[in-house]
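Here is the structure we will look at.
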Amino acid sequence: MMKVFSVTETKTQFSKLLRRAAAGEEITITKWGVPVARLVPAEAQKGKRQLGFYEGKITIPDDFDGPLPDEIRDAFEGKEKPRLRKP
């Protein structure tokens, strides 16, 4: 069953409306009597995530967290505009 709430009612009862949506209700939010949004239950996650899915498929270099090259670091810090490389 769908219920209708104004923006003002939604602001004051948001936690309550979230619980109702989680329980399966669809809630329409209106502004000046015009529907502007719907609060609906989220889809349940499908199964558990599989750990190690990419094992053996990717490698991370030993210097992954090493210092950046000077020109890249400078670009991040706004010290120098990156130069375009010509082919």
Side-chain angles (χ1 to χ4, degrees):
M1 178 179 213
M2 187 169 34
K3 300 287 183 180
V4 178
F5 291 86
S6 70
V7 170
T8 303
E9 292 172 311
T10 302
K11 286 180 185 179
T12 60
Q13 301 179 37
F14 192 64
S15 294
K16 178 181 171 184
L17 295 177
L18 284 178
R19 284 192 297 274
R20 289 172 68 170
E25 261 186 81
E26 288 192 16
I27 297 163
T28 298
I29 302 168
T30 63
K31 185 172 185 177
W32 299 103
V34 178
V36 293
R38 284 186 329 147
L39 189 58
V40 297
E43 293 181 18
Q45 269 191 327
K46 298 176 183 176
K48 292 185 178 181
R49 290 175 46 189
Q50 179 184 354
L51 296 177
F53 183 76
Y54 285 105
E55 185 174 358
K57 297 179 183 176
I58 61 170
T59 57
I60 299 174
D62 292 335
D63 65 348
F64 170 76
D65 58 353
L68 292 171
D70 291 342
E71 68 180 34
I72 294 175
R73 188 191 66 239
D74 288 346
F76 271 106
E77 294 175 352
K79 294 180 181 176
E80 174 180 311
K81 291 186 179 183
R83 296 182 194 135
L84 296 177
R85 295 183 183 168
K86 294 182 180 179

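Just so you know, these numbers come straight off a predicted model, no measurement behind them.
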* To do: Check which hydrophobic residues are tied to Leu51 through side-chain heavy-atom contacts below 4.5 Å, counting indirect links as well, and list them.
  => none
* Using links of under 4.5 Å between side-chain heavy atoms of ILVMFWY residues, direct or through other members, which residues join Val4 in one cluster? -> none
List the atom pairs, with distances to 0.1 Å, where a side-chain N or O of residues 32-43 and a protein N or O form a donor-acceptor pair under 3.5 Å, not counting sequence neighbours.
unit_1	atom_1	unit_2	atom_2	d
Arg38	NH1	Glu26	OE1	2.9

* Share the residues that join Tyr54 in a hydrophobic cluster, the rule being Ile, Leu, Val, Met, Phe, Trp or Tyr side chains under 4.5 Å apart at the heavy-atom level. => Phe53, Ile58
* Asked: By side-chain hydrogen bond (donor to acceptor under 3.5 Å, both in side chains), which residues pair with Asp70, not counting sequence neighbours?
  -> Arg73
* **Members sharing Ile60's hydrophobic cluster (side chains within less than 4.5 Å)** => Phe64
Check residues 7-17 and write down every donor-acceptor pair under 3.5 Å in which the side-chain atom is one partner and the other belongs to a residue at least two apart or another chain.
unit_1	atom_1	unit_2	atom_2	d
Glu9	OE1	Ser6	N	2.8
Glu9	OE1	Ser6	OG	3.4
Thr10	OG1	Ser6	O	2.8
Thr12	OG1	Thr8	O	3.4
Thr12	OG1	Glu9	O	3.0

